Amino acid sequence: MSLPKRYLITSALPYANGLKHVGHLAGAYIPADIYARYLRAQKRDVVFVCGSDEHGTAIPIQATKEGTTPRAIIDKYHAAMKQDFEDLSMSFDIYHRTSEPIHHETAQEFFTYLNDRGELEIKETEQYFDEEANSFLADRYIKGTCPNCGSDRAFGDQCETCGRTLSPDELINPVSTLSGKAPIKKKTSHWYLPLGKHEAFLREWILEQHKDDWRPTVIGQCKSWIEGGLQSRAVTRDLDWGIKVPVAGADGKMLYVWFDAPIGYVSATKQWAIDNNKDWKPYWYDKDTKLVHFIGKDNIVFHCIIFPIMLKLHGNILPENVPANEFLNLEGDKMSTSRNWKLDMRDYINDFVKKENGGGQCVDMLRYYLTQIAPETKDSEFMWKGFQDAVNSELVSKFGNFVNRTWVLMHKLCGGKVPRLHEELLDENDRTLFTDIKDAKTKIENLLEEYKFREALFEVIELSRKGNQYMQKKEPWIVAKKLAENPESQKSIDNTLHICLQLTANLAILANPFLPNTARKMLHLMKVVEKMLDWDNAGKINLLSVGYTLREPQLLFRQIDDEEIKTQIEKLKSGLLKMEEPKKEEVKPEVPAKAVIQFDDFAKIELKTGTILTAEKVEKADKLLKLSVDLGNEVRTIVSGIALHYQPEEIVGRQVTVVTNLAPRKMRGIESNGMIVMAEDKAGKLHFISPAQPIDPGSTVS
RNA sequence: CGCGAAGUAGAGCAGCGGUAGCUCGUUGGGCUCAUAACCCAAAGGUCGGGAGUUCGAUCCUCCCCUUCGCAACCA
């Protein structure tokens with residue numbers, strides 16, 4: 001197998017609308033960084049690119065939310081993310097951004113190239129348009145009544161109440177959430193990328209050529225996507241934030257963000273080449289380049305299907321592999337920005353990294369744990385206790401402790417210098433360790449080439465464990481006690497420590513891709529230069545010269561104590577609580593109040609008080625409770641969607657307000673005669689509207 | 001209900017047709033250079049349940065149960 005001439009590594013472009021959390025870090029950034037560092041240590045030609053993704057509708061939305069401009073948003077988050085990545089030792093060769101002119105030009109050239117060659121098709125469709133806001137409406141911006149269940153809170157893409165997938169056309173009485181007015185239909189035409197034309201290519205390329213070397217989850221997703229039928233995909237949109245469609249008369253049309261974002265890898269490479277006086281073209285055109293995309297599982301379709309089609313049409317090389325990771329959960333629950341259940345990179349940096357002098361060891365602790373639990377084959381779990389255990393018992397007690405005891409003994413028994421190796425005295429244990437070192441190198445190499453970072457890191461720790469075992473067998477501290485009677489045994493001590501020192505040098509090289517700060521700290525201890533970390537040096541047992549004076553012992557890592565873990569867990573939980581409190585900025589309702597009605601309209605509604613007599617869960621429905629309600633002169637059956645908020649037994653006897661003249665409606669096969677009036681708080685919790693004092697059932701409310 | 005994912009020792013995970021494994025944790029003993037490690041020993045699993053295919057199933061098939069996710073953001 002001949003090696004590629006050069007490597008191009010990409011990490012998913014983070015979206016510039018907020019801070020990123022450790023899930024992102026574990027999914028797309030740390031693995032890529034390990035891989036890039038490993039290749040660099042091998043002296044391969046490698047470029048590692050990333051950057052902020054700064055287009056798309058979510059940017060203006062975030063700007064509105066923060067009361068500022070899109071430009072301010074992307075500047076703010078681009079700077080923040082760039083800083084966070086730096087603080088966590090990500091070694092991008094360039095961290096670019098898609099708002100740069102060079103990216104706009106690159107993306108437009110891409111579009112023009114495809115369009116000129118007839119690879120895009122134009123379709124005219126009718127879309128909802130908000131005249132007052134003067135803009136076309138994305139599905140999500142349209143609200144209306146669901147044709148399926150009758151809920152008036154359905155969105156243009158899906159109904160929240162019954163879960164059915166909708167298209168905006170199906171909505172009854174659609175309303176724009178921008179202005180609150182009814183939108184009109186307006187014709188618009190857009191460019192589409194016909195994916196279906198490339199089905200044969202995809203089948204051959206993914207399902208045949210890569211069926212064995214891509215991860216099963218990646219292949220699986222591609223397969224279901226291909227077999228589900230490849231639809232044409234709109235390349236452009238009616239928007240005012242993005243990259244202009246480079247066609248005369250296409251005013252107000254922008255490239256769809258999914259189209260321009262991956263091209264960001266190309267423009268980042270171009271910018272890197274300019275900055276470093278290199279030629280970018282071979283990285284994207286030469287077949288001898290190995291392109292690897294590191295992403296999370298939500299991005300598989302773009303990087304395995306859509307972008308490769310674009311690349312192929314544009315004459316570029318295709319990715320060699322797309323080692324997508326699954327998701328990382330946090331303390332038993334899915335990470336979520338909106339629920340504030342997450343650990344932002346920034347929070348870890350502030351709480352751990354910045355508090356330390358230099359902070360390198362805390363960066364490596366996080367890198368260690370995230371690699372050790374990387375969701376390579378399925379979703380995995382970030383537990384603070386797990387973080388503590390991993391750091392304390394593996395990094396500190398195995399790896400750190402081995403280096404430390406080596407250093408302490410070397411100073412005590414060998415005068416702080418690298419002792420001589422007496423080859424004639426080498427025994428079985430020594431030779432086994434030499435083999436172990438060489439084997440570890442090979443194993444780690446192979447695992448890294450297969451993108452199995454978790455296992456590769458395990459092998460590094462495993463080697464330090466072997467070191468501990470070796471030292472235990474040789475017991476130089478015991479030998480030292482008998483030196484007086486047997487001066488010759490200094491040679492045995494020398495051998496042991498010499499080998500332990502060489503092993504430490506090897507550990508530095510092997511750990512370097514994973515724990516770059518630790519590797520450098522070890523260089524400092526050994527008083528050697530960066531060059532020693534060249535991967536070729538791994539497996540060698542003559543890295544440190546005899547007689548060389550080494551530095552005083554210094555701990556590589558500190559332990560994580562229980563208090564820190566407790567603090568973090570409490571912080572996480574209190575963040576969740578804070579979300580449940582009402583927010584000030586939400587005083588202004590997102591959707592304008594309903595239209596003014598006359599008293600007569602109100603009078604049409606009959607409201608009465610009622611008392612809940614019985615309540616039971618409706619079978620096969622998560623949210624529904626079947627209630628019988630005493631309305632004074634009658635008892636009615638009412639089905640109410642409150643099961644997620646109240647247990648049946650706790651509401652029996654409650655006085656509630658009931659709409660009594662609502663048309664009967666069947667829900668899950670049970671006829672509901674009326675509706676319980678509920679108030680919904682900011683957290684989405686429903687509350688009964690009850691009389692302040694107990695009152696006769698059936699009393700009129702007005 | 002529907003769609004998707006998952007259920008293997010106390011925890012986190014591998015394995016995936018042929019005597020159940022790793023890391024951490026727990027218990028007892030030994031050792032001491034070290035932020036202690038290492039060694040020895042032990043406890044702990046009817047591999048979610050049931051049926052089927054097979055000479056043989058944790059692994060394949062079917063049924064069931066349970067858990068998680070299924071507005072948006074998002075690796």
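All chains are named by letter (A, B, ...) in the order of the sequence lines, taking the proteins before the strands, and each is independently numbered beginning at 1. Every value quoted in this text rests on a predicted model; they were computed, and no experiment measured them.
- The phosphate of B/C31 (OP1 or OP2) has no side-chain N or O of A/Gln472 nearer than 4.0 angstrom.
- Nucleic acid contact class of A/Ser380 (heavy atoms, under 4.0 Å, all strands): sugar-phosphate only.
- A 4.5 Å side-chain heavy-atom check between A/Ile300 and A/Val322 finds every atom pair outside the cut-off.
- Residue A/Gln372 is out of contact with every strand shown, counting any heavy-atom pair closer than 4.0 Å.
- The CZ atom of A/Phe399 sits 4.0 Å away from atom CE of A/Met522, with the distance rounded to the nearest 0.5 Å.
- Here B/G12 presents its P atom at 17 Å from CG of A/Leu370, a figure rounded to the nearest Å.
- Minimum atom distance to the side chain of A/His24 is reached by B/C74, of the listed B/C33, B/C31, B/C74.
- The separation between A/Asn392 atom CG and B/G25 atom P is 10 Å, rounded to whole Å.
- Within 4.0 Å (heavy atoms only), A/Gly23 reaches at least one base atom of the nucleic acid.
- When the C1' atom is compared between B/G56 and B/C16, the two are found 15 Å apart, to the nearest whole Å.
- Salt bridge status for A/Glu564 with A/Arg558: present, with a side-chain N to carboxylate O gap under 4.0 Å.
- At B/C24, one or more side-chain N or O atoms of A/Lys398 fall inside 4.0 Å of OP1 or OP2 (strictly under the cut-off).
- As judged by a 4.0 angstrom heavy-atom cut-off over every strand, A/Val408 is placed among residues touching the sugar-phosphate backbone only.
- Listed nucleotides B/U35, B/C13, B/C33 differ in distance to A/Arg454; the shortest reach to its side chain belongs to B/C13.
- Taking the six-membered ring where the residue is Trp, A/Phe352 and A/Phe387 present perpendicular rings, their angle passing 60° and hence far from 30°.
- Picking from B/U32, B/C74, B/U35 the nucleotide with the shortest atom distance to the side chain of A/Tyr15 gives B/C74.
- Among the heavy atoms of the strands, none lies under 4.0 Å from A/Asn329.
- As judged by a 4.0 angstrom heavy-atom cut-off over every strand, A/Ile295 is placed among residues touching the sugar-phosphate backbone only.
- With both ends at atom C1', the span from B/C40 to B/C31 equals 11 Å, rounded to whole Å.
- A straight line from CZ of A/Phe327 to P of B/C70 spans 12 Å, rounded to a whole angstrom.
- With respect to A/Lys76 and A/Glu66, a salt bridge is recorded, a charged nitrogen being found less than 4.0 Å from a carboxylate O.
- Rounded to a whole angstrom, the distance from the P atom of B/C39 to that of B/A5 is 42 Å.
- Rounded to the nearest Å, the gap between the C1' atom of B/A43 and that of B/A6 is 29 Å.
- The closest side-chain heavy-atom distance from A/Arg405 to A/Asn468 is below 4.5 Å.
- B/G10 and B/A72 have their P atoms separated by 38 Å, given to the nearest Å.
- Expressed to the nearest 0.5 Å, how far CG of A/Leu550 lies from OG1 of A/Thr406 amounts to 11.0 Å.
- Within the 4.0 Å cut-off from OP1 or OP2 of B/A37, at least one side-chain nitrogen or oxygen of A/Ser397 is found.
- Going from atom CG of A/Leu328 over to atom P of B/C73 covers 20 Å, rounded to whole Å.
- Comparing B/A37, B/U35, B/C33 against the side chain of A/Asn468 picks out B/A37 as the nearest.
- Nearest-nucleotide assignment on RNA chain B puts the 5′-proximal partner with A/Ala390, out of A/Ala390 and A/Arg405.
- The distance from atom CD1 of A/Ile373 to atom C1' of B/G12 is 9 Å, rounded to the nearest whole Å.
- Nucleotides B/C33 and B/G48 place their C1' atoms 49 Å apart, quoted to the nearest Å.
- Rounded to whole Å, the P atom of B/U58 lies 25 Å from the corresponding atom of B/A42.
- One atom, CD of A/Gln469, and another, C1' of B/C33, lie 17 Å apart when rounded to the nearest Å.
- Between A/Leu330 atom CG and B/C68 atom P the separation is 17 Å, expressed in whole Å.
- OP1 or OP2 of B/C33 lies within a sub-4.0 Å distance of a side-chain N or O belonging to A/Lys481.
- In terms of phosphate contacts, A/Arg465 brings a side-chain nitrogen or oxygen within less than 4.0 Å of OP1 or OP2 of B/C24.
- Nucleotides B/C47 and B/C60 are separated by 16 Å at their C1' atoms, to the nearest Å.
- Here B/C33 is the nucleotide among B/U32, B/C24, B/C33 with the atom lying nearest to any side-chain atom of A/Met471.
- Contacts of A/Asp389 with the nucleic acid, taken as non-hydrogen atoms under 4.0 Å apart, involve only primed sugar atoms and P, OP1 or OP2.
- When rounded to the nearest whole Å, the span between CD of A/Glu381 and C1' of B/A14 equals 17 Å.
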Nucleotide pairing, RNA chain B (Watson-Crick or G-U, distances under 3.5 Å), in dot-bracket with [ ] and |:
.(((((((.[[[[.)..(..]]]].(((((.......))))).....[[[[[..)....]]]]])))))).....
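- Among the protein residues, A/Phe557 comes within range of the nucleic acid bases, having at least one heavy atom under 4.0 Å from a base atom.
- Checked for salt-bridge contact, A/Lys474 and A/Asp427 meet the test: a charged N lies under 4.0 Å from a carboxylate O.
- Here OG1 of A/Thr432 is found 10.0 Å from NZ of A/Lys466. Values are rounded to the nearest 0.5 Å.
- Note on A/Lys521 versus A/Asp364: no salt bridge recorded, every NZ/NE/NH1/NH2 to OD/OE distance being 4.0 Å or above.
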